[in-house]
Amino acid sequence: MASPRLLRRCLLAALSAALIGSAAVGPARADTATPAAAAVTTFSDTFDGPAGAAVDSSKWTLETGDNVNNHERQYYTSGTKNAALDGQGHLVITARKENPAGYQCWYGSCQYTSARLNTAGKFNAQYGHVEARMKIPRGQGMWPAFWMLGTPVNWPDSGEIDVMENVGFEPSTVHGTIHGPGYSGSGGIGAAYSLPNGQAFADAFHTFAVDWAPDSITWSVDGNVYQRRTPADLGGKTWVFNKPFFLILNLAVGGYWPGDPDGSTQFPQTLVVDSVSVTTSDSAAGVPIRGLAGKCVDVAGANPANGTPVQLYDCNGTAAQAWTVGSDGTLRALGKCLDVSGGGTADGTPVQLWDCNGSPAQKWALPAARDIVNPQANKCLDVTGNNSANGTRLQIWTCTGGANQKWTVG
């Protein structure tokens, strides 16, 4: 029997294929793949390779040096001692307690080495679904992060999007933040997400993501949305998130925010990265999904409230019809997910918009037959009554091959 990790990787690969022109195969529907959404491009790294190997240099650059701005205690190195594959499909970024030979930090001798990787000059994202699945380190003074900087870099005016930051003294909590002109550093605008019952993020892998559109950025952990920011949150300051940004992964040690390690901090510490993926499209806010009579999948009234009906409507290019396909199997619009009401599996169960929560009710597969299938129910997205009138509610129904179940993404 395939391992859970292998199954998850197969699903990720299939979904990525759907994004760039082929399609994942739904349960019991093994059709030959055909082009579906050619406008969509994907950045993906699942860090497959032999143990001890360096990261893919066509995707990542290893930075070197210290960080004088945050008073961090590490020196970033360029070799495989601090950033290497583990042979099991992970990138391992390792912080070690040691002085880097021949280097003096700005405040005295460096006490730690670590790694920081970026995609500058190799991949830039502008809008879409950005995610990383990682297991973070633990301990006072540790500061792992997955984030983005605007190009060209002229911080803070060029902008920063922190998908995930954690400081070691908060083992159950991560932070998502935006920084820009007039709202940088400690004045950044963001929110925190905490695991229930005192669970620590270092105990297991978690998926950290943002869904980024021209006028909104929405953060989630394991599919659970915990904040959404728009220009209205800036109090009149400038929204600088309508341009390309590059990705950064790093593990810092010490600094003004986390404080220095103490006697309780055990070294080495590791940030283990299972995968990084970015889904973007020619349409900045997503792509339409067209169906019966050439009409589009539409969020009624462009209302982002939980429970808003999803319907068929004349295609109009609005955000209510701009869908992104997540590598986690979700279909997203207005920062939320296409959801089968109540997690139902019966014919006729309506679909709606709902906070993304990682449940099977929000997973969709895109077979080559142009169906959109909810694997939990093994049923298709369907136009009720084969009625092409504006406002007709969408539902799930046993897959029949009818025109009211055929969709074109993009």
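Keep in mind that this is a model prediction, so the values were computed, not measured.
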Would you find a donor on one side and an acceptor on the other, under 3.5 Å apart, between the side chain of [X] and the backbone of [Y]?
| X | Y | result |
| --- | --- | --- |
| Thr384 | Arg393 | yes |
| Trp143 | Asn250 | no |
| Ser78 | Leu62 | no |
| Gln405 | Thr400 | yes |
| Lys363 | Gln376 | no |
| Asn197 | Gln199 | no |
| Trp407 | Leu381 | yes |
| Asn118 | Leu249 | no |
| Asp262 | Ser264 | yes |
| Glu63 | Arg116 | no |

task: Can you spot which of Val351, Val373, Asp371 makes a side chain to side chain contact (heavy atoms under 4.5 Å, CB included) with Trp364?
output: Val351
Tell me the closest heavy-atom pair linking [X] and [Y], and the distance in Å.
| X | Y | value |
| --- | --- | --- |
| Val299 | Ala333 | CG2-CB, 4.3 Å |
| Pro258 | Gly254 | CG-O, 3.4 Å |
| Ala252 | Gln74 | CA-OE1, 3.5 Å |
| Ser114 | Ile93 | OG-CG2, 4.1 Å |
| Gly182 | Lys237 | O-CE, 3.0 Å |
| Gly150 | Lys243 | CA-CE, 4.3 Å |

message: Taking Asp211 first and then Arg228, would you say they form a salt bridge - that is, a charged N and a carboxylate O separated by under 4.0 Å?
response: no
query: Would you call Lys81 and Glu98 a salt bridge, taking side-chain N to carboxylate O under 4.0 Å as the test?
result: yes
To the nearest 0.5 Å, what is the distance between [atom1] on [X] and [atom2] on [Y]?
| X | Y | atom1 | atom2 | answer |
| --- | --- | --- | --- | --- |
| Asp222 | Thr207 | CG | OG1 | 5.5 Å |
| Thr270 | Asn82 | OG1 | CG | 12.0 Å |
| Met134 | Met164 | CE | CE | 3.5 Å |
| Arg133 | Asp274 | CZ | CG | 4.5 Å |
| Leu312 | Gln321 | CG | CD | 9.0 Å |
| Asn374 | Asp339 | CG | CG | 9.0 Å |

field: Ring centres under 6.0 angstrom apart (Phe146, Phe208)
entry: no
His179 ring center near Trp147 ring center (under 6.0 Å): no
[X] versus [Y]: any side-chain heavy-atom pair under 4.5 Å?
| X | Y | answer |
| --- | --- | --- |
| Thr94 | Val92 | yes |
| Asn70 | Trp257 | no |
| Gln352 | Pro309 | no |
| Val130 | Leu247 | yes |
| Trp60 | Thr119 | yes |
| Tyr112 | Lys97 | yes |
| Thr230 | Asp215 | no |
| Val297 | Ile372 | no |

task: List the steps, then state whether side-chain contact (heavy atoms from CB on, under 4.5 Å) holds for Val210 with Thr218.
output: CA-CA 5 Å; Val210 295; Thr218 303; over 6 Å; no
message: Among Gln227, Glu170, Glu165, exactly one meets side chain to side chain donor-acceptor pair (under 3.5 Å) together with His175. Which residue is that?
response: Glu170
query: Run the side-chain contact (heavy atoms from CB on, under 4.5 Å) check on Phe47 and Asp86 step by step: do they pass?
result: CA-CA 9 Å; Phe47 303 106; Asp86 68 356; over 6 Å; no
message: Tell me if the OH atom of Tyr193 is crowded by more than 12 foreign heavy atoms within 6.0 Å.
response: yes
Test log, rule side-chain contact (heavy atoms from CB on, under 4.5 Å), inputs Ile178 and Leu234: CA-CA 10 Å; Ile178 51 175; Leu234 304 187; 4.1 Å; yes
task: Using the six-membered ring wherever Trp is involved, compare the ring planes of His206 and Phe201 and label them parallel, tilted or perpendicular (cut-offs 30° and 60°).
output: perpendicular
query: Are Val278 and Phe245 close enough, and set up right, to give a side-chain contact (heavy atoms from CB on, under 4.5 Å), and what steps lead you there?
result: CA-CA 11 Å; Val278 180; Phe245 280 60; over 6 Å; no
